[in-house]
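Working notes, beginning with the structure itself.
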Amino acid sequence: MAKATKKQALGRGLSALLKDPDNDIQSVSDKNADKVIGNVVELDITTIEVNPFQPRSNFNDETLEELASSIRELGIIQPITVRKLDFNKFQLVSGERRFRASKLVGLETIPAYIRIANDQESLEMALVENIQRQDLDPIEIALSYQRLTDEIEITQEKLSERVGKKRSTITNYMRLLKLDPIIQTGMRDGFVSMGHGRALVNIEKKKDQISIYEKIVAEGLSVRETEQLVKTFKTTKGAIPAGNKSVKKELPGYISKNIDSITKNLAVKVDITSSASGKGKIVIPFHSKEEFQRLKKILTGG
């Protein structure tokens, strides 16, 4: 416990050093730079801004609350990384979930590693760090690879070396960006997997991609069934086989046993879909402004 207290005190001491205008550190060659760079420093949360190069666009509220609860009980286990912008002003490079969760908890300071980096280095660090995470969806990873190749002007071969991934893996991710945005959203929401996306990307026209995607979701087709469907579509020059009711995916019991009560309460027939991951959608149709207002009153209580 004494060791942890000493480390925290050291971080606060370095924080005080950074607040001294006579010792403002702007480069690795500045006085006292070696005391700060590479060490954990307690920074005021108000002095840190979010990284505009952050590739992650989705932050799950539930998991963020779980992380906030953990921070409330145990504190920050892994420091965030920031780069110095100006006097007592910093920008996130990595650790935005920890940063957001810390703000939720109401922390005034947060432990951070300080880097001296320009915009391009910051972008590269943020993208590479996020690519290594396990909780990014395939489209977020694909967009990160795309930004690295476009904005840093790095080849896929060099990118492969930088992130420790096979070039073929990078190519497969980036090809997903050829899918219609509706399918990309479906992949991010868990209605189809990356395997489904890799099969669909072989269909050239976006409208045909959408037609097959709708069939995949409606019938709960597996990746192998999707690959066969795409193969059939290409060999028959655009013919999509009729739906097969026998392969239609059954809804989980907790949904199927409640559909009737939802329909009865709303007085409209709702359509519910569910993915293997447990995510789903409830579609509530309406046919007039008056019916919409009626449904709104039921759903919102006013």
- prompt: Is a side-chain N or O of Thr109 found less than 3.5 angstrom from the main chain of Leu43, in a donor-acceptor match?
  reply: no
With sequence neighbours left out, the residues meeting side-chain hydrogen bond (donor to acceptor under 3.5 Å, both in side chains) with Glu49 are Gln91
Side chain to side chain contact (heavy atoms under 4.5 Å, CB included) between Met187 and Asp137, worked out
CA-CA 8 Å; Met187 192 178 301; Asp137 64 60; over 6 Å; no
* Asked: Are side-chain heavy atoms of Pro138 and Ile141 found at a separation under 4.5 Å?
  -> no
Exercise. Decide yes or no on side chain to side chain contact (heavy atoms under 4.5 Å, CB included) for Ile298 and Leu266, but give the supporting numbers first.
Key: CA-CA 7 Å; Ile298 294 173; Leu266 297 178; 3.7 Å; yes
Partner of Tyr113 under side chain to side chain contact (heavy atoms under 4.5 Å, CB included), picked from Val93, Thr81, Ile80, Val41, is Thr81
Residue set satisfying side chain to side chain contact (heavy atoms under 4.5 Å, CB included) with Glu157, at least two apart, ordered chain then number -> Thr155, Arg167
*For Ile282, look at atom CD1 and say whether over 12 heavy atoms of other residues, nucleotides or ligands are found less than 6.0 Å away.*
no
Taken to the nearest 0.5 Å, the spacing of Ser69 OG from Leu104 CG works out to 11.5 Å
Next item on the list: With the side chain counted from C-beta on, respond yes when Leu200 and Asp180 share a heavy-atom pair under 4.5 Å apart, and no when they do not.
Entry: no
Notebook entry, point to check: Does Glu140 pair with Arg188 as a salt bridge, N-O distance under 4.0 Å?
Noted result: yes
Intermediate values then yes/no, side chain to side chain contact (heavy atoms under 4.5 Å, CB included), Glu108 and Asp44 | CA-CA 6 Å; Glu108 296 182 355; Asp44 294 339; 5.9 Å; no
To the nearest 0.5 Å, atom OG of Ser102 lies from atom CZ of Arg72 at 10.5 Å
| Any side-chain heavy atom of Leu299 within less than 4.5 Å of one from Ile284? | yes
For Phe99 and Ile110 the tightest heavy-atom approach is CA-CD1, 4.1 Å
To the nearest 0.5 Å, atom CD1 of Ile71 lies from atom CZ of Arg98 at 8.5 Å
**Message:** For residues Ile262 and Val283: do they belong to one hydrophobic cluster (side chain heavy atoms under 4.5 Å, members Ile, Leu, Val, Met, Phe, Trp, Tyr)?
**Reply:** no
Closest heavy-atom pair, Thr47 versus Asn88, reported as atoms and distance to 0.1 Å, is CB-O, 3.4 Å
The reported gap from CD1 in Ile210 to CD1 in Ile182 (rounded to nearest 0.5 angstrom) is 4.0 Å
Within the supplied structure, the quantity of interest is the number of heavy atoms (other residues, nucleotides, ligands) at a distance under 6.0 Å from Lys158 NZ; does it exceed 12? no
Quiz item: Phe90 versus Leu85: any side-chain heavy-atom pair under 4.5 Å?
Solution: no
message: Closer than 3.5 angstrom, by distance alone: can the side chain of Gln228 be matched with the main-chain N or O of Glu225 as a donor-acceptor pair?
response: no
Closest non-hydrogen atoms of Val223 and Ser193, given as atom of the first, atom of the second and distance, are CG2-OG, 3.5 Å
pair Lys103-Ile45: side-chain heavy atoms closer than 4.5 Å: yes
Do Tyr213 and His196 come close enough that some side-chain heavy atom pair is under 4.5 Å? no
Short side-chain to backbone donor-acceptor contact, Ser211 and Lys207, under 3.5 Å: yes
Exercise. Find out whether Leu176 and Ile139 are in side-chain contact, i.e. whether some heavy atom of one side chain is under 4.5 Å from a heavy atom of the other.
Key: yes
Could you please spell out the steps behind the side chain to side chain contact (heavy atoms under 4.5 Å, CB included) verdict for Ile114 and Arg83?
CA-CA 5 Å; Ile114 296 178; Arg83 69 177 180 124; over 6 Å; no
Closest heavy-atom pair, Val192 versus Ile183, reported as atoms and distance to 0.1 Å, is CG2-O, 4.4 Å
Residue pairs meeting side chain to side chain donor-acceptor pair (under 3.5 Å), one or both in residues 169-178, sequence neighbours left out, come to Gln156-Thr171, Arg175-Asn202
Asp208 (side chain) donor-acceptor with Glu204 (main chain) under 3.5 angstrom
no
Interatomic distance, CG@Leu177 vs CD@Gln184, rounded to 0.5 Å, equals 5.5 Å
Interatomic distance, NZ@Lys89 vs CD1@Ile48, rounded to 0.5 Å, equals 13.0 Å
Next on the checklist: Checking Glu96 against Arg100 for the salt bridge (charged side-chain N to carboxylate O under 4.0 Å, His left out) test, could you report, in this order, the C-alpha distance in whole Å, the side-chain angles of both residues, the deciding distance, and whether it holds?
Outcome noted: CA-CA 6 Å; Glu96 185 164 348; Arg100 286 172 177 255; 2.9 Å; yes
When every non-hydrogen atom of Val105 is compared with those of Ala68, the smallest separation belongs to CG2-O, 3.2 Å
Taking the side chain as C-beta and beyond, is there a heavy-atom pair between Lys166 and Ile170 under 4.5 Å?
no
